[in-house]
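Below is one structure, written out as structure tokens, with a few remarks after it.
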Amino acid sequence: MRVKRLFSAVAAGATVVALIATAVHFGSLDTPAHVNHSAHFWVPTPEQADAIVAQQVAAPLRGSEFRADCFSAHRKNDDPIVFPGQAGVSHMHEFYGNRSANAQSTLESLSLGTTNCNPVVDLSSYWTPTVYKNGQPIAPERVTVYYQGITNMAAAVPHPRGLRYVVGNAGATNADQNPSARWSCTGSTPSSRDFMTCAPGSKLETYLDFPTCWDGRLDSPNHRDHMAFALSQTCPAGYPHVVPRLELLITYPVNGGGLTLAGTRNGQLVTDQPGYTFHGDFFNAWDSNELARRVRDCINAGYICGTDGKPIQQ
């Protein structure tokens, strides 16, 4: 059974008023020496910031949930969503699940790949910036991907194959600009949008929540606008479809200080970004029948299910 997550009130009351312009990167000629990474730079409006925070503290309704247990598959300077077809252009990412994921990935290539997730019918790729401790990259100990009934669970539909989107703000200059970033320590309830110094014997962990409202497109120019966070548990106008909430729970086998993230600063690829620039990407390649079964039997029906998609608790 999933341990209940408690989050610090520091996430509440974000008052961000700017919306950073995003850009389309199809066919970009950027090189690793100078990268336009603005599709990962996004400050939410105050209304969306409040919606993100409200969703973080919302427990799955009646235990409406299933999951995939994954591990780090590999580490690459690639981003198949923001920089498709451009190997080595992105900052360093940790890829989870599909072992074939790289800059060239398409739904077709992912479907032909293999996965280190349980269940093996989840051929999706998930990725986040690599974490460093004292300059050395750290692979997560484990990655749990929760699919949860948060918004109108009875009406939720499966994510369509090929759906891809980004959450978080890689360009945040302070914690208020990225309410999606939440760090904590195992065995402890406080959380922060920036790295926490975990005590000896504990481990660093992070939670990242994805939106639940979808407009029907598989992607959008900034890889965000086709998805939205529910406002007071209601999808905004123009987003008629409800999908399960993805929540990444990532545990790292480290504690103490010296923590940084891979990222992009002033067009340069770096490895010393703060924790509040954390973000993540999802490229759906689930077996469609198996995903639909889990949404029906777990999300719509209001059960907690295991990795096999069978109810273990109501």
Side-chain angles (χ1 to χ4, degrees), residues 23 25 28-42 70-105 109-110 113 115-117 124-143 145 164-173 178 180-183 193-195 203-208 210 223 248-254 257-283:
H25 296 292
S28 169
L29 296 178
D30 292 326
T31 68
H34 192 83
V35 180
N36 182 351
H37 210 274
S38 58
H40 265 157
F41 298 173
W42 178 79
C70 308
F71 299 91
S72 179
H74 49 269
R75 185 179 299 135
K76 284 181 177 292
N77 284 106
D78 288 356
D79 190 323
I81 294 178
V82 177
F83 296 113
Q86 302 177 69
V89 167
S90 177
H91 63 244
M92 190 67 73
H93 283 109
E94 208 78 20
F95 285 81
Y96 318 119
N98 199 301
R99 295 185 178 94
S100 73
N102 58 37
Q104 311 297 328
S105 289
S109 70
L110 293 176
T115 183
N116 64 20
C117 288
S124 304
S125 184
Y126 313 87
W127 59 96
T128 60
T130 297
V131 169
Y132 293 80
K133 182 175 175 65
N134 298 324
Q136 297 300 312
I138 303 296
E141 182 176 85
R142 65 178 181 273
V143 180
V145 185
R164 46 203 180 273
Y165 54 101
V166 177
V167 68
N169 182 9
T173 58
N178 191 13
S180 296
R182 303 185 331 279
W183 298 92
R193 292 182 185 172
D194 205 351
F195 287 121
K203 297 175 183 178
L204 178 73
E205 60 184 6
T206 186
Y207 296 89
L208 188 66
F210 289 71
H223 318 297
L248 300 185
L249 168 55
I250 308 173
T251 304
Y252 300 88
V254 295
L259 300 168
T260 58
L261 287 176
T264 308
R265 186 186 304 117
N266 299 323
Q268 303 297 317
L269 304 183
V270 298
T271 60
D272 60 351
Q273 286 286 76
Y276 54 72
T277 63
F278 196 73
H279 55 283
D281 302 56
F282 168 55
F283 197 138

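Note that the numbering runs from 1 along the sequence shown for the chain. Not measured: the values here are computed from a predicted model.
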Practice problem: Find the distance between CH2 (W183) and CD (E205) and round it off to the nearest 0.5 Å. | Solution: 10.5 Å
Practice problem: Spell out, as yes or no, whether a donor-acceptor pair under 3.5 Å connects the side chain of D78 to the backbone of G88. | Solution: yes
Quiz item: Within the side chain of D281, is there an N or O that forms a donor-acceptor pair under 3.5 Å with the backbone of Y126?
Solution: no
Quiz item: Quick one: CG on L261 to OH on Y132, what's the gap to the nearest 0.5 Å?
Solution: 9.5 Å
Quiz item: Once you round to the nearest 0.5 Å, how far does CD1 of I138 lie from OG of S72?
Solution: 11.5 Å
Practice problem: Working to the nearest 0.5 Å, report the span between CZ of F278 and CG of N178. | Solution: 10.0 Å
Quiz item: With side chains defined as the heavy atoms from C-beta onward, is the minimum distance between N116 and C70 less than 4.5 Å?
Solution: yes
Quiz item: Between atom CG of N77 and atom CZ of F83, what is the distance when rounded to the nearest 0.5 Å?
Solution: 11.0 Å
Practice problem: To the nearest 0.5 Å, tell me how far T277 OG1 sits from D194 CG. | Solution: 8.5 Å
Quiz item: Does any N or O in the side chain of N266 come within less than 3.5 Å of the main-chain N or O of Q268, such that one atom is a donor and the other an acceptor?
Solution: no
Quiz prompt | Six-ring centre of Y276, R193 cation under 6.0 angstrom, axis tolerance 45° | solution = no
Quiz prompt | S180 versus V167, closest heavy-atom pair with distance | solution = OG-CG2, 3.8 Å
Quiz item: Are any non-hydrogen side-chain atoms of H279 and P129 less than 4.5 angstrom apart?
Solution: yes
Self-check item: Nearest heavy-atom neighbours spanning S109 and S100
Solution: O-OG, 3.8 Å
Quiz item: Is the closest side-chain heavy-atom distance between R164 and F282 below 4.5 Å?
Solution: no
Practice problem: Please report the shortest heavy-atom distance between T264 and V270, naming the atom on each side. | Solution: N-CG2, 4.2 Å
Exercise. State, with a plain yes or no, whether a side-chain heavy atom of Y96 is found less than 4.5 Å away from one of I250.
Key: yes
Exercise. On the 0 to 90° scale, with breaks at 30° and 60°, tag the W127-F283 ring pair as parallel, tilted or perpendicular.
Key: tilted
Quiz item: Which residues satisfy the side-chain contact (heavy atoms from CB on, under 4.5 Å) test with A101, sequence neighbours excluded?
Solution: H74, F95, S105, L110, S125
Quiz prompt | Check: T271 main-chain N/O paired with T260 side-chain donor or acceptor under 3.5 Å | solution = yes
Self-check item: Residue pair R182 / T206: nearest heavy atoms and the distance that separates them
Solution: O-OG1, 2.9 Å
Practice problem: Locate the shortest heavy-atom distance separating T128 from G280; write the atom from each residue and the value. | Solution: CG2-CA, 4.0 Å
Quiz item: Which heavy atom of T130 sits nearest a heavy atom of P137, and at what distance?
Solution: CG2-CB, 3.9 Å
Quiz item: Which residue pairs pass the salt bridge (charged side-chain N to carboxylate O under 4.0 Å, His left out) test with at least one member in residues 84-99, sequence neighbours excluded?
Solution: R75-E94
